[in-house]
Each structure stands twice: as structure tokens, then as C-alpha cells.
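The structure under discussion appears below in the form of C-alpha cells.
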Number of protein chains: 2
Amino acid sequence: METPPQRQRPGRAPAQGNRTGRPRQAEVARLAGVSQATVSLVLAGRTDKVSIAPETQRRVLEAARTLGYVPDPAARRLAAARNNMLGVFSFTATFPTDVRHSYYPFLVGVECEAAEQGYDLVLFTGSSTGGAGSGGPEALSRVRLADGCLFLGRHAPAAELRRLVDDGFPVVHLGRRDELDGLSWVGADYISASREVVAHLAALGHRKIVLVREDDEAPASTDREHGFLKGLEEAGLPAGPDAVFRTADPASALTPDVLRGWLDAGVTALVAEETDTGAAWLALERTVAEAGLSAPDDLSLAVLGSPPPERDSAPVTGFDIPRTELGAAAVRMLVALVAGEEAQEPLVACPFRPGASVGPPPTPAG
Amino acid sequence: METPPQRQRPGRAPAQGNRTGRPRQAEVARLAGVSQATVSLVLAGRTDKVSIAPETQRRVLEAARTLGYVPDPAARRLAAARNNMLGVFSFTATFPTDVRHSYYPFLVGVECEAAEQGYDLVLFTGSSTGGAGSGGPEALSRVRLADGCLFLGRHAPAAELRRLVDDGFPVVHLGRRDELDGLSWVGADYISASREVVAHLAALGHRKIVLVREDDEAPASTDREHGFLKGLEEAGLPAGPDAVFRTADPASALTPDVLRGWLDAGVTALVAEETDTGAAWLALERTVAEAGLSAPDDLSLAVLGSPPPERDSAPVTGFDIPRTELGAAAVRMLVALVAGEEAQEPLVACPFRPGASVGPPPTPAG
DNA sequence: TTGTACGCGTTATCAA
DNA sequence: TTGATAACGCGTACAA
């Protein structure tokens, strides 16, 4: 074997060995006896738009196969602004110790739909863990490796998101997010679902219903209240301030006395919102038990969402949050944005879930 | 070579608006009144090696802050071959429906240690889901976006891994993997841990011990057998072929009759390997119950690993697999490789776990 | 101490 | 149909 002692000509003619040790299009081109541009065209499959001699195509493809050519994702993204990858950024630790609070169900849908759409997934871990660029604006900036990015969690910093959106980087937020205009999001239709729960109760004859909720300004909370009030209105029921019991600490504020006060006032059904912690529902459930009452005999109970899955008791009336479907919908929207299309319908319906905790109101005289 | 006066001056003076709408170093340079190279130096903090006027540095930093400059990860990777990100690739779905079979515990350690080391994490979903480049060699190639990559799962295709390794791309495999030389890996020290379990049994007085294992050539299985046999040897116990019961289907092959046969032959302790499915241990446990026996009175039982966590009965003697620590160790090794250093010790010790399923051998005559 | 020039690997636009 | 050539944004020898 004779390796002529050529001293590395700089630039022009690509030598056989490059920094990465892996063939680039230039090498393929040399082997196929064509130009690098032709290689790019053939490999990108754009042969219909520019039309290249079949024989040439064959040579290029074979050369690529021989050399084991694989495109460099970074270069692809840099040059074409696309590399067929979607980012997912979650602000809480992606792999929390407590699995219940994770975004697992969403991610199942995301992963599945991304594959369906022919995109690969790239997950970025949150800055909460104190990674490389935590704190700085760089933390969010790395998502630019992908063609677009999905954001999970309520606490996505507005400024950074704003920046991405303003730069025209495709972003979809999982969960309603109205204060940032221009930001696309998909979310569960808590309003309709909550209204439906109230309608169900009203249809059974309940005339006085109280909502127990936490003191939180998150859309997920306010949406539920809106839907609840709307449901009361539509059923012709009083929707005064007494209809909503709002407290920062349901566990201590929701005492058996409070509960009995409601019943004495004619309340026959209680509805609790569901949150990350499930505090409102858990407090309600516990207080009812402490007061020696039980649903649906003494009163009806419903939850605006799904109660923590750890209980194996009878199902509670409420609605299901279609987390997997939400993830999939988010991916579809992101793909649309990446393709330069308009974002579609952001709301995903929550199916009503009948349960054993709701019945007709008890007759007044027992 | 002179560039003739073309319209739309190429390169030289970067206009204010670029494709991404986001400032690049050139813009920062213009605002600070320096060259783009200076910006790069200052921003990279290499001011000690080239030494730049403090005043200049101040101007550059301020300009960068004013414009809200953030580096482009793709460009960074392309130019410098580094972007401070570590990849994680798992071949089974990253978010399986069945959480027990996931790599969750590993990932907890990986995420934590990556943050510790100042690296960001990028997760690539497996080709199993049928993503963009499933099947093709491109599936694995996208990991090149990161500085190095961690691979999870037994089924990482050898050819693709070989390619990455040959190209000098830093790769660490989670789990022993010897058939690919040059491939770095970290794994649990099943051999020592299994030996220790046998030593524990021998010290209690057991003289005849049988290992129940599946018919699998995975290192995780063979390592356990090696350690088991080594333990027998060191205790001066017979390590003949009878000492290992190997079957493709423990559930049907491990009958109460087989079990009684062992006891009649003087066997006083049984050891099962732990695998993904836990088939060997589950079969053993069930058969013992069916035979009307119980541990540790009638015989001693141990498992080479941790039994499925769903049981809330007494702890079984065996060893713990330090999954989280394994993830962390893998990250440390990967960081070393990325830095061009040698890979360190690949084995992580599995702590012995005392349990209630092991005791002294029953006295022959009851 | 700072600026010039080039390369990283790909896509895209033109002439030829 | 194909082949130069220019970006894409950043890092870095080397020259000034």
C-alpha cells in the first residue's frame, strides 16, 4: 500500500480523514465521481424537483452505502434550520422520585405521536436540577437544537418563552397560557367538563352545590371555577359567592363544622377541584368521613378531574383528563407550527366519568 | 482572492436581521465595536489565555446582555465539537406503559450526576417506536448532536454502536458489554454480589445449594452464575452441573416434584437469579408454596438481585442493584471520555441485603 | 491586544 | 442535469 506523502492540502479537496473520522458528503461525492451538491440532492430525495440521471443517483446511493454515510444533525440544523427533531422541555425534574407528579402520561402521548409524525424526540431536562446553564438565559436556549419545542409545567419562565416566541422559534406550551400572546398552547377543556359535572348534578335534582378550591390563580383552577359557575347558571341555580369555597389550605380550613353548616343551609352536593396535590379533594373526602357522613347517601361528591389513583374504592364522579391525548395534540400542533402552518384548536375535551359518589339529593325529612 | 463587488455584500458586514431573528456574535461585535472573534473569546471566558483589555471585555459583555445574545447550540457543536450536552439513548420506549420495566431509577442518577458535572441532558427516544429514522443507521446517528451518549438496554444494535465507537464518538453502555471491544460500559458487579450471597449461605451451614436461572446468554445472567459457582468453590462446596438448574421456562419447568427431588438429595438452599421479568424467582417462590414448604424453616431462599417490589411480605435475602448509583457512574465515565481521559472502573458494587428468607439448614431428622 | 481568515458539514441558489 | 459558491453561526490558529 502506498500512501503518498501529500501534505494535507487545506480546504478545497477534502482529504479522506476529517475531524470526526466519519465520511461526509464530500467523500461520498468523490467516490461517486460527482459534486457534493449532487450528493445532497440525491440523498435528500429531491430528485423530482431537479431531476438527476438515474445512473448518477445509483452511484451516489451506492457510494453513500459503501462509506456508511450518515448526515450530521448539527450541520443539518445549522444549514437548513431543520433536523426533524422535536424538543420537550420540562421544568420540574424529568424523573422525579415521586412518579405520581410526573408528566409521564403526557410523555407517552408525545412520544407516540412524534413517532407517528415522523419526528424524533429530544428531551431537555429542566434548570431546576442546576444543570449547565441554570439560571442564565442559556438554559432555555439549548432547545434550539430541535426544530421546535414543547414545554411542560406551569412554571415556564415567561421571559425566556417570550424570547423564543419572538424569535419565531416554534413553541407549544402544554396547559393553557394566555398571558403570553403569540404563545401557542394546548390544554384540557376544564370549562366544558366542569360545566358538565354541574349539569349532571342539577339533572339529579341538586339545587345547592358548593365548589371547594384552592387559592391558586393558575388557569387550570380558574377554568374549573368558570365552568362550575357557568353550569350553575345554565341550570338556573344560584351562583352567588357562597357557591365557591376558596382556601389556601383546604386541609385545615375544611372542618366538619363547615361541612355541617353547608348541609344545614340546604347544600346537597360538593364539588372539589383537582390539582397537582389533590389537596382540595383529599380534604373534602376526609372531612366527610370525619363528620360521619357518606356519599352518595348523605350528600353527593364530585371531583373536577381524577382523584389520586392510589385509592381502590368506588370510582368518584368527575371527568378524566386525557393526558395522553393532550400530549399527542401538543405534538400535532407543534408539527404544524414547524411546517409554518397555523395552530389549530387548542382545547381537548375531558370525558365525563360517572361514579358511585353521586346520587339524587337526600329527601329533607330523611 | 478578491470578491468582486456583488450586490448584497456577502458575509462581511452582517445585517441586523438574520434568519433566526436572534442576534449572533457578529451583531454583538458590531455593537461593541470589536471583531466577532473577540466576542467569541470574551464570551467563552478565555480571557486568561489571550488576555483582552478589561474595558473591551466590559463592552462586549454589555453588548451581549443588551442584545440578549445566546449561543446557537448547533453551531457550537459544529464548530467546536462540543456543546456541553450528554445524550441518553434507550432502545425500549422511554416512557413505557409499564413503569416497572423502565429505566427510571437509572435515569434519576443520570440526571442528577449530569447536573453535578455541569452537563445538560438530551434524551433520544428509541427506534422501537418507529420514529423518523427507525431501522436506518440514522436512528443512532442523531445522538451526535451531543458531546457523548449513554446507551441503556440490552438490545443496543452492535453494528451501530461499533460505528460510533470507531468514529471516536464518546459512548458509554449501561450494563456489561464485552463483545464490542473499545466500547466503554458500567455495570453492576453481579459476580461479587452473587458470591457474597453464597458465602452467606455457606457460613450458615448450607452444604448443597442450587441456582435457578433462565436460559439467557446475557452478561447479567452469566455473571450471576459465575459468581455463584465461584462462591461455591471458595466455600469448598461441590460445584457440579447439578448445582445449576437452567431452563427457558421456569414457570412450567420448576415443579414441586423437582423441588422435592432436590431436598431429598440434600439441598438446603435455593438461589434464583433476577431478570427483567423476574420469572425465575417468581416460579421458585410459587413452587415452594405449592409444595407446602416455607422459608426459612424448610429451606433457605435467596435471590440474586431484588424481587419485584410489589410484594409487601418479609424481605428476601439477596443483594440490591444500585441503579441510581449506576446511572451516576455512567455519567462520570462519559464525562471522562468526552474530556479525552481514560475510562475508570466500570463495576459498581451491589450491597448485600439480609432478609428473612434465609436461615440455618433444617436438622436432617427434624 | 485585536482582527483576518478559514473550517466545521450541510442546504440552497445560481450559472453553465 | 450538474457543479461552483455562498451562507448557517461559532471557534481558533495566525497575522497584525
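Each chain gets a letter, A, B and so on, in the order the sequences are listed, and its residues count up from 1. All of these numbers come straight from a predicted model, not from anything done at the bench.
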Rounded to whole Å, the CZ-P distance (Arg30(A) to dT2(D)) equals 20 Å
To the nearest angstrom, the CG-P distance between Asn83(B) and dC8(D) comes to 21 Å
Once you apply a heavy-atom cut-off of 4.0 Å, does Ala37(A) come out as touching a base, just sugar-phosphate, or nothing?
base
| request: Measure from the side-chain N and O atoms of Arg142(B) to the backbone N and O of Pro73(A), and report whether any donor-acceptor pair falls under 3.5 Å. | output: no
Rounded to whole Å, CG of Leu145(A) lies from P of dC10(D) at a distance of 13 Å
Taken to the nearest whole Å, CZ/Arg77(B) to C1'/dG9(D) is 15 Å
Per atom distances to the Ala79(B) side chain, the nearest of dT10(C), dT12(D), dG7(C) is dG7(C)
Check: Ala114(A) main-chain N/O paired with Gln117(A) side-chain donor or acceptor under 3.5 Å: no
Whole-Å distance, Leu78(B) CG to dC8(D) C1', equals 9 Å
Sugar-phosphate, base or nothing in reach of Val34(B), heavy atoms under 4.0 Å
sugar-phosphate
Of dG11(D), dT2(D), dT10(C), the nucleotide closest to the side chain of Arg24(A) is dT10(C)
Whole-Å distance, Leu41(A) CG to dT1(D) P, equals 12 Å
**Item:** Side-chain (Asn83(A)) to main-chain (Leu145(A)) donor-acceptor, under 3.5 angstrom
**Value:** yes
Between Thr38(A) and Ser40(B), the residue closer to the 5' end of DNA chain D by nearest nucleotide is Thr38(A)
### Query
Do the non-hydrogen side-chain atoms of Tyr69(B) and Val39(B) ever get within less than 4.5 Å of each other?
no
By nearest-nucleotide position on DNA chain C, the 5'-leaning member of Ala75(B) and Gln36(B) is Gln36(B)
Arg59(A) CZ to dT1(D) P, in whole Å, measures 15 Å
Report yes if at least one side-chain N or O of Arg76(A) is closer than 4.0 Å to OP1 or OP2 of dT11(C); otherwise report no. yes
Within less than 4.0 Å of OP1 or OP2 of dT2(C), is there a side-chain N or O belonging to Thr56(B)? yes
Of Asp72(B) and Ser51(A), the one whose nearest nucleotide on DNA chain D sits closer to the 5' end is Ser51(A)
query = Does any N or O in the side chain of Asp147(A) come within less than 3.5 Å of the main-chain N or O of Asn84(A), such that one atom is a donor and the other an acceptor?
reply = yes
Using a 4.0 Å heavy-atom cut-off across all strands, classify Gln25(A) as base, sugar-phosphate, or nothing.
base
Separation of dT10(C) atom P from Arg142(B) atom CZ, nearest Å, is 17 Å
Looking across every strand, which nucleic acid part, if any, lies under 4.0 Å from Arg82(A) by heavy atom: base, sugar-phosphate, or nothing? nothing
